[in-house]
Amino acid sequence: MIPATIVNSAARAFGVFCVLFAFGASSSAAGAQIGYVHEVSGLVSIKQVAARPVAAKVGDIFEADTVLRTGPDAKVTLKLADGEVVALGKNSALRVGRYSYVPGSPRQSSSTLELIKGEARIVTGAIGSANREGVRIIAGNSVLSVLSPVGADFTVAVDPGAEEVGHTIVARGEISVATPYGEISKVAAGQYAPWQPGRTLQLPIPLAAAPAVVQADAAAFWTAVLPDNKPIAVASAAQAAGALAAANLRADANAASRLAGYVVEATSNTVSIRGASGDTLTAKPGTTFEAGTTISTGADGRIAVKFADGQLAIVGPGSVLSIGQYQFDPKDAKAGRLAVELLNGAMRIVTGEIHQQNIEGMSISAGASIIDVLNSVGPADFTVVVDTKNQEVGVARVTVGEISVHTPYGPIEKIGANESSLWGPGKTPTSPAPLATSLAVVQAAVALQLSGLPANTPVNVASAAAATAAATAADSALAAANADPQNAQLQAEADAATELAELADEAAADADAALVAESVASTLETLPPAAAGVELAQAPAQPARPIAQIVPPVTPGAGGRCTGSVC
């Protein structure tokens with residue numbers, strides 16, 4: 001007699017084989033428009049058959065055998081012709097496989113989905129209600145089946161890895177799961193069922209008894225507003241979704257314009273950002289911020305941020321930087337304003353477009369001292385260190401340009417390039433001295449010259465931040481793959497992360513090009529009309545003078561996202 005476990009295992013393997021075979025089999029829906037992208041947030045790639053991956057956008061129509069991948073903090077919602085809805089979470093990959101839907105004959109229709117990795121919420125449509133046997137859902141090496149005759153609404157999460165770990169939560173209906181470790185015969189509404197290696201499968205338990213992190217993930221999926229699961233005409237539904245997304249994008253333009261900058265690099269988990277609302281979060285590459293933000297580095301932290309106008313600020317260990325005011329519009333750069341205050345510690349500033357267009361609009365202070373940039377042509381690059389715990393002690397070092405410092409003990413009228421000066425209680429501020437003869441604390445400030453700084457040119461904050469986050473994720477995935485070159489799963493994840501990073505770079509480059517075009521057009525509009533005859537008046541307009549750049553010792557990537565390695 002053959003043991004039941006062997007029979008079940010063989011049946012599972014055969015079922016997975018049949019479903020995977022279906023991906024490569026010809027389909028009656030081959031080349032047909034089977035669904036569209038209903039909603040996108042963050043960086044999502046979409047790859048259709050025989051096409052290169054592109055950034056997904058609302059209204060994109062796709063065919064069978066399409067693969068979608070989401071980046072960090074990204075998500076995408078899809079709707080298929082029969083009404084089936086799929087919401088894909090962050091850092092996930094999904095293949096929409098063989099699909100055939102015949103309106104009016106759902107019993108003759110079928111649908112196949114493969115969650116390659118990550119987490120998704122699936123709401124079945126007409127096929128799931130009329131022909132649940134025709135719905136095939138794969139998650140890693142597991143197969144999920146719909147049991148209830150009216151379909152189901154559930155989430156599934158899977159980490160394939162060397163040994164698969166996964167779980168499912170059902171909101172409506174009933175499902176079963178054939179896992180690599182055995183079968184979970186039924187998961188009912190309100191239940192949670194996990195699977196992992198080395199542990200006997202447990203009976204489903206109420207979601208309220210699941211781990212807190214699982215409940216939090218589930219809450220994010222259940223509270224999201226999804227489209228209804230009724231059948232659609234794909235082309236017209238996609239067009240309507242695209243039009244609505246365009247309207248929402250215009251409405252969100254004001255929110256995007258409030259972004260002051262983003263984190264280029266953060267070298268420690270002790271670096272935090274506290275917004276104007278009082279909420280505090282750990283800074284990481286790609287984190288955006290607005291005016292009213294305070295950055296704290298902790299004892300061993302360091303952070304580099306880039307502002308919309310291109311200004312860079314690098315904050316050293318044990319430091320606190322307050323960004324009190326920030327305003328920059330590339331269409332009206334002369335109205336730009338900024339106010340930054342180093343409450344304690346060390347910072348390096350590389351000025352941007354506001355310095356070039358409205359030097360009077362800059363307010364930079366360190367402790368009780370006020371720093372003024374003196375050179376109005378070209379950028380300035382300087383470092384300030386201040387200790388305010390007792391009576392203020394400070395030092396300033398200039399690499400490019402000229403500054404003055406109004407200290408509590410008197411003014412330092414000018415510190416030029418390659419000079420430094422210090423101040424403290426009981427003594428008149430010193431005259432600037434060559435850097436080679438400056439104190440050790442000044443030389444230590446050179447450490448703020450990080451190797452991966454982007455250029456100090458204006459940037460579209462949202463797209464540059466997304467590119468930075470994607471590049472960081474790709475670097476991490478590549479490091480993991482290089483550390484274990486025989487691991488095919490890690491190599492696949494590195495390839496996918498690199499794909500997303502390349503798409504993010506392209507999007508950032510396009511956004512920055514549009515920003516430059518806006519700036520040039522605005523500048524040309526302010527020029528007086530030519531007054532020297534017809535020939536001069538009809539001469540081609542010259543582009544606006546570009547900002548003088550400080551080029552860091554590394555080639556910047558699109559969107560200025562280079563964060564520590566040569567791009």
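The analysis underlying the following values was restricted to heavy atoms, covering all of them including side chains, and did not include hydrogens, waters or symmetry mates.
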Got a donor-acceptor contact below 3.5 angstrom from the T70 side chain to the G89 backbone? yes

Is D279 reaching over with its side chain to a backbone N or O of G275, donor-acceptor style, under 3.5 angstrom? no

Just verifying a value: how many Å separate Q196 CD and E163 CD, rounded to the nearest 0.5 Å? 10.0 Å

Where at least one partner belongs to residues 116-169, residue pairs that pass ring pair (Phe, Tyr, Trp, His ring centres under 6.0 Å), sequence neighbours excluded: H167-Y192

How about CZ on R274, more than 12 heavy atoms from neighbouring residues, nucleotides or ligands closer than 6.0 Å, or not? no

Looking only at side chains, do Q491 and N487 share a donor and an acceptor under 3.5 Å apart? no

Nearest-0.5 Å distance that lies between atom CG in L500 and atom CG in L43: 5.0 Å

Okay, side chain of N229, backbone of A126: is any donor-acceptor separation there less than 3.5 Å? no

In terms of heavy-atom contacts, does NZ of K47 have more than 12 from other residues, nucleotides or ligands at under 6.0 Å? yes

Answer yes or no: are there more than 12 heavy-atom neighbours, outside Q202 itself, under 6.0 Å from its atom CD? yes

Under the side chain to side chain donor-acceptor pair (under 3.5 Å) rule, collect the residues that match up with S45, sequence neighbours excluded. E499

CG of L226 to CD1 of I122: how many Å apart, nearest 0.5 Å? 12.0 Å

Treating T179 as the side-chain partner and Y181 as the backbone partner, does any N or O pair qualify as donor plus acceptor under 3.5 Å? yes

Whether S92 side chain and K90 backbone form a donor-acceptor pair below 3.5 Å: yes

Are the side chains of I323 and I295 in contact, using a 4.5 Å heavy-atom criterion? yes

Keeping E63 on the side-chain end and V49 on the backbone end, is there a donor-acceptor pair under 3.5 Å? no

L68 CG to R95 CZ distance, which is reported to the nearest 0.5 Å: 10.5 Å

Flag the pair V40 / K57 as yes when at least one side-chain heavy-atom distance between them is below 4.5 Å, and no otherwise. no

If you round to the nearest 0.5 Å, how far is CD1 of I169 from CD of Q191? 11.5 Å

Is there side-chain contact between L259 and F328, with at least one heavy-atom pair below 4.5 Å? no

Output field: ring centroids Y326/F307 closer than 6.0 Å: yes

To the nearest 0.5 Å, what is the distance between OH (Y36) and CG (L78)? 10.0 Å

Any donor-acceptor N/O pair, S109 side chain to V102 backbone, under 3.5 Å: yes

Is the closest side-chain heavy-atom distance between E84 and L113 below 4.5 Å? yes

Indicate yes or no: at least one non-hydrogen side-chain atom of P227 is less than 4.5 angstrom from one of T77. yes

In the structure I gave you, are the side-chain heavy atoms of R132 and P149 within less than 4.5 Å of one another anywhere? yes

Check whether any side-chain heavy atom of R172 sits under 4.5 Å from a side-chain heavy atom of V123, and report yes or no. yes

